[in-house]
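Below, each value reflects all heavy atoms present in this structure, side chains not excepted, and no hydrogens, waters or symmetry copies. In each ligand, atom 1 is the first atom listed, and ligand 1 is the first ligand listed.
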Amino acid sequence: MPVHGLTPILLCLLPMWRILTPVSSHPQHSQCQLIQRTALCNNGKLSSVPAGLPDNLEELQLNYNHIQTLQDNSLLRYPSLNTLSLACNSLEKLESNTFQHSKLLVSLNLANNNLHIGCQETSHALKTLPRLRALDLSENVLEDEMVATLLQNLTSLEYLNLSGNLLQRLDETSFRNLHQLKELDLQRNIMYEIDGAFDGNPKLQRLNLAFNYLLCLTDFHMTQMVVLNASHNFIEWFVTRPDLNDTFQLETLDLSNNKMLFFPFLPNHSHLRNLYLSHNSVSFYEHLADNSTFLNSTSTVEFYNMKKYMGNVTAQLWNESLYGDISSLEILDLRGNQVRYFPEGFIQKMPALSRLQMHTNCLETLNLASEQFSGSLYELDLSNNRLNQIVADRSTLTALGNLTYLNLSLNNLERLPSGLFSSLPSLRSVDLSYNNVDICRAEEAETSTDTSSACADWKDIASLMQLYLKGCNLTIIPSSAFTGLSLTHLELSDNPGLIVQESIQSLSRTLQHLGLGNTQIQDLDFSHLHSLESLNISRNSLGYLPPSLLNLDLKVLDLRDNRLSTIPSSQANALAPKLHTVFLTGNPFNCCQTEWFRTFETTKTINMVGRSDIECEDVIQMTHRVERYQTFFCLEKDGESIIWYLLLFVPICLFFVGILIIVLLTFKPKMLQKSIKKNCLKPTSY
Ligand SMILES: *[C@@H]1O[C@H](CO)[C@@H](O)[C@H](O)[C@H]1NC(C)=O
Ligand SMILES: *[C@@H]1O[C@H](CO)[C@@H](O)[C@H](O)[C@H]1NC(C)=O
Ligand SMILES: *[C@@H]1O[C@H](CO)[C@@H](O)[C@H](O)[C@H]1NC(C)=O
Ligand SMILES: *[C@@H]1O[C@H](CO)[C@@H](O)[C@H](O)[C@H]1NC(C)=O
Ligand SMILES: *[C@@H]1O[C@H](CO)[C@@H](O)[C@H](O)[C@H]1NC(C)=O
Ligand SMILES: *[C@@H]1O[C@H](CO)[C@@H](O)[C@H](O)[C@H]1NC(C)=O
Ligand SMILES: *[C@@H]1O[C@H](CO)[C@@H](O)[C@H](O)[C@H]1NC(C)=O
Ligand SMILES: *[C@@H]1O[C@H](CO)[C@@H](O)[C@H](O)[C@H]1NC(C)=O
Ligand SMILES: *[C@@H]1O[C@H](CO)[C@@H](O)[C@H](O)[C@H]1NC(C)=O
Ligand SMILES: *[C@@H]1O[C@H](CO)[C@@H](O)[C@H](O)[C@H]1NC(C)=O
Ligand SMILES: *[C@@H]1O[C@H](CO)[C@@H](O)[C@H](O)[C@H]1NC(C)=O
Ligand SMILES: *[C@@H]1O[C@H](CO)[C@@H](O)[C@H](O)[C@H]1NC(C)=O
């Protein structure tokens with residue numbers, strides 16, 4: 001192999017190089033930056049630990065160098081070292097006596113190296129570090145036994161990072177001696193089993209198991225655990241050991257991106273505050289509990305430990321009262337699941353709930369009156385469900401004193417509880433896009449006595465700042481619709497045929513973003529909207545830029561998919577200094593009137609989104625990229641194309657040529673006869 005052939009040569013060159021380096025690059029620590037007792041020697045192409053640094057050095061960073069072996073004597077000079085970082089070298093081993101004199105070392109970062117190669121010898125070196133508290137071994141191609149060897153004697157370790165290795169299964173021996181361990185990162189391995197692995201780590205508080213191949217977490221009994229991250233596995237069950245009456249310290253549990261069908265079986269007593277369950281298949285099955293036919297034999301599921309015949313776990317299915325203590329929950333993330341309803345009393349059990357994220361589930365109705373959400377509810381995201389009804393009365397609504405973000409977009413709502421929005425005192429942002437709800441006219445809002453109404457009333461909600469009404473089939477917005485509001489964001493896009501009337505004039509003081517894309521709006525007067533910074537008027541068949549835009553301080557302008565053929569220089573010059581982002585693709589620009597493009601192009605502060613996709617048409621309707629088009633064929637002054645002149649000249653020339661031919665032929669009639677004979681009397685061959 002060529003590699004083997006090369007090695008002796010390299011080995012021979014190495015001593016030579018060693019001799020030369022001190023001469024050619026005099027004080028070795030010139031590659032290092034010294035800050036008090038810290039030496040930063042990162043990105044230095046170093047192949048060994050630099051000598052000649054102050055010997056009272058406490059921290060040494062050698063990340064991104066080319067150190068392959070940490071030699072026995074390399075740290076001799078620095079006995080005060082407490083932090084050593086060697087991440088991203090090509091480190092294969094630490095020689096056994098490397099840390100002989102480094103008794104103060106507490107933190108060692110060996111991330112992203114090749115320690116799988118010299119794992120035995122490295123383990124001898126690590127054995128001599130009884131005080132080591134933090135060790136990073138992430139991304140070292142380590143397998144199960146290698147890890148066990150390396151960790152044998154690190155009894156004082158508190159932080160250990162093993163992420164990005166090749167761990168497959170853990171058992172009670174894996175971390176046996178790490179009695180002080182508090183934080184363990186095992187993400188991005190290939191683990192499918194963790195049998196009793198953490199029983200020897202009574203202080204473990206933060207454990208990351210994300211991105212592995214775990215199938216279930218049953219018999220969870222680590223009462224001291226505070227943050228458990230098991231996201232991105234294939235977990236179907238999370239079951240707490242049932243015979244435990246202790247209070248769990250658990251605060252954050254991340255089970256997102258797994259295969260859970262059931263809500264996790266949580267401890268009966270805990271401080272759980274954040275529960276992430278997004279992207280599973282969680283649903284509630286209480287409606288099946290009485291269905292004796294359906295459930296004759298499957299009301300419980302048992303988990304056996306094949307090896308020990310002990311610690312059997314039995315989970316009672318279908319009974320939501322057994323899901324454990326959720327009374328401290330503040331964030332419940334259930335996005336992307338199969339929830340059709342909340343079990344009775346479920347919401348009520350969470351008096352501290354502040355964010356409930358239900359984006360993309362199967363909710364059909366929501367009864368705010370009976371669910372009894374807590375007053376601390378801050379964000380309620382019910383977007384992309386099948387909601388066709390929301391039930392609420394005024395007293396339940398005013399009790400939601402902290403509700404600030406409400407997202408109801410992408411549902412089937414046609415009616416809403418009367419006064420829904422005006423009764424929520426802290427409401428700041430409402431998204432009602434893609435429902436079928438209209439905006440109330442003044443008379444409708446006042447006279448309505450029904451508990452629900454087919455239109456939403458937005459008047460005088462002082463706290464409201466962001467209103468999204470995309471794709472609601474709106475036609476006419478009553479001129480008084482937004483009076484008394486201080487909206488900064490108003491999104492009305494995707495309402496084709498929308499008539500806005502004077503309604504937005506009342507927002508002239510506050511409105512910063514206005515979305516009118518795909519509304520077929522033509523000549524709206526924007527001049528009153530002094531605070532407007534972002535305007536979307538894409539997909540509106542606009543043939544010219546509304547002149548009232550020019551006086552605004554627009555930073556973002558979306559003009560995509562209109563019928564603009566040019567932007568007159570005066571307009572481009574007025575917009576260019578203010579704009580930060582402009583969208584212009586999908587317009588039939590005239591290739592010979594692209595002065596605006598150069599203006600925008602030379603203004604460095606503008607981002608023309610999709611710049612290379614902006615196209616123009618030339619005289620013969622051929623499309624080109626504006627960026628590439630050579631204006632060679634265009635007459636510079638007024639932008640007229642030379643082709644126009646060609647087209648004008650050609651008929652005139654033809655006319656004269658025609659006359660010439662006729663004149664010639666009249667004087668030589670014989671030639672005419674001949675040519676007729678030739679052309680017309682030829683015998684046809686078919
Ligand atoms: C390291 O651990 C092994 C087994 O756990 C033990 O036999 C040995 O004495 C320890 N060595 C040191 C230096 O502590
Ligand atoms: C562990 O190491 C990986 C990769 O080096 C890093 O992304 C991760 O943040 C580390 N974990 C902790 C808890 O520091
Ligand atoms: C869990 O780990 C994944 C992967 O590192 C990370 O993206 C996610 O934010 C973590 N979850 C929590 C709650 O920190
Ligand atoms: C937890 O609560 C459920 C129902 O209240 C009960 O059946 C179970 O025995 C309890 N578990 C413990 C460990 O207390
Ligand atoms: C469980 O613990 C609670 C206090 O946390 C105590 O009131 C209760 O009696 C205990 N139950 C059992 C069965 O030990
Ligand atoms: C529950 O039982 C009733 C009849 O007892 C049946 O009509 C219904 O379909 C059952 N539901 C399910 C989900 O099995
Ligand atoms: C349910 O189980 C009981 C006893 O095991 C049996 O008598 C009954 O027929 C079963 N019902 C159904 C619908 O299978
Ligand atoms: C666990 O289940 C096995 C098999 O059914 C049984 O033999 C054993 O006694 C059970 N152990 C406990 C602790 O319940
Ligand atoms: C659910 O479990 C609780 C507590 O064990 C019990 O009181 C209740 O009757 C059960 N509900 C159903 C539907 O089985
Ligand atoms: C309202 O929500 C905010 C943000 O989550 C929170 O800081 C505040 O404590 C909450 N207020 C109440 C009364 O719950
Ligand atoms: C509401 O939810 C939809 C769908 O998840 C999302 O696209 C939209 O950005 C959300 N609205 C707001 C105001 O965050
Ligand atoms: C402008 O509105 C259109 C139509 O709704 C939408 O497709 C586009 O993404 C919006 N532009 C921006 C920049 O958000």
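Checked by distance only, ligand 12 and Arg539 stay at 3.5 Å or farther apart across all their nitrogen or oxygen atoms. Checked against a 3.5 angstrom limit, the closest N/O atoms of Arg560 and ligand 12 fall inside it. The shortest N or O to N or O distance between Ser429 and ligand 11 is not below 3.5 Å. Distances between N or O atoms of Asn536 and those of ligand 12 include at least one value under 3.5 Å.
To the nearest 0.5 angstrom, Asn161 atom CG is 8.5 Å from Asn109 atom CG. To the nearest 0.5 angstrom, Leu275 atom CG is 13.5 Å from Glu251 atom CD.
For Phe421 and Trp458, the gap between ring centers is short of 6.0 Å. Within the 6.0 Å centre-distance limit, the rings of Phe248 and Phe220 are counted as a close aromatic pair.
Contacts with ligand 11 closer than 4.0 Å are made by no heavy atom of Tyr405, backbone or side chain.
Protein residues lining ligand 2, listed by chain and number: Ser138, Glu139, Tyr159, Asn161, Ser163, Glu183, Asp185 [non-hydrogen atoms, distance under 4.0 Å].
Using a 4.0 Å cutoff on heavy atoms, Ser538 counts as a contact of ligand 12.
Contacts of Thr69 classified as side-chain hydrogen bond (donor to acceptor under 3.5 Å, both in side chains), with partners at least two apart in sequence or in another chain: none.
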Worksheet item: Given the rule in the salt bridge (Lys or Arg N to Asp or Glu O under 4.0 Å) test, do Glu330 and Arg355 qualify, once you have shown the distances and angles that lead to the verdict?
Response: CA-CA 6 Å; Glu330 290 169 15; Arg355 293 167 193 266; over 6 Å; no

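Surrounding OH of Tyr213 are at most 12 heavy atoms belonging to other residues, nucleotides or ligands under 6.0 Å away.
Ring geometry for His232 against Phe211 counts as parallel: the plane angle stays under 30°, on a 0 to 90° scale with 60° as the upper cut.
Taking every heavy atom of both residues into account, Pro425 and Leu400 meet most closely at CD-O, 4.1 Å.
Short contacts between ligand 12 and Ser493, defined as distances under 4.0 Å to a heavy atom of the residue, involve ligand atoms 2 (O), 5 (O). For ligand 12, the atoms lying closer than 4.0 Å to a non-hydrogen atom of Asp494 are 4 (C), 5 (O). Set against the non-hydrogen atoms of Phe583, the atoms of ligand 12 under 4.0 Å away are 13 (C). Counting the atoms of ligand 11 from 1 in the order shown, those under 4.0 Å from a heavy atom of Tyr468 are 13 (C). Heavy-atom contacts of Asp431 reach the following atoms of ligand 11: 1 (C), 8 (C), 10 (C), 11 (N), 12 (C), 13 (C) (cutoff under 4.0 Å).
Between Asp558 and Arg560, at least one side-chain nitrogen of the basic residue sits less than 4.0 Å from a carboxylate oxygen of the acidic one, meeting the salt-bridge criterion. Between Arg340 and Glu364 no salt bridge is recorded (no basic side-chain N to carboxylate O distance below 4.0 Å).
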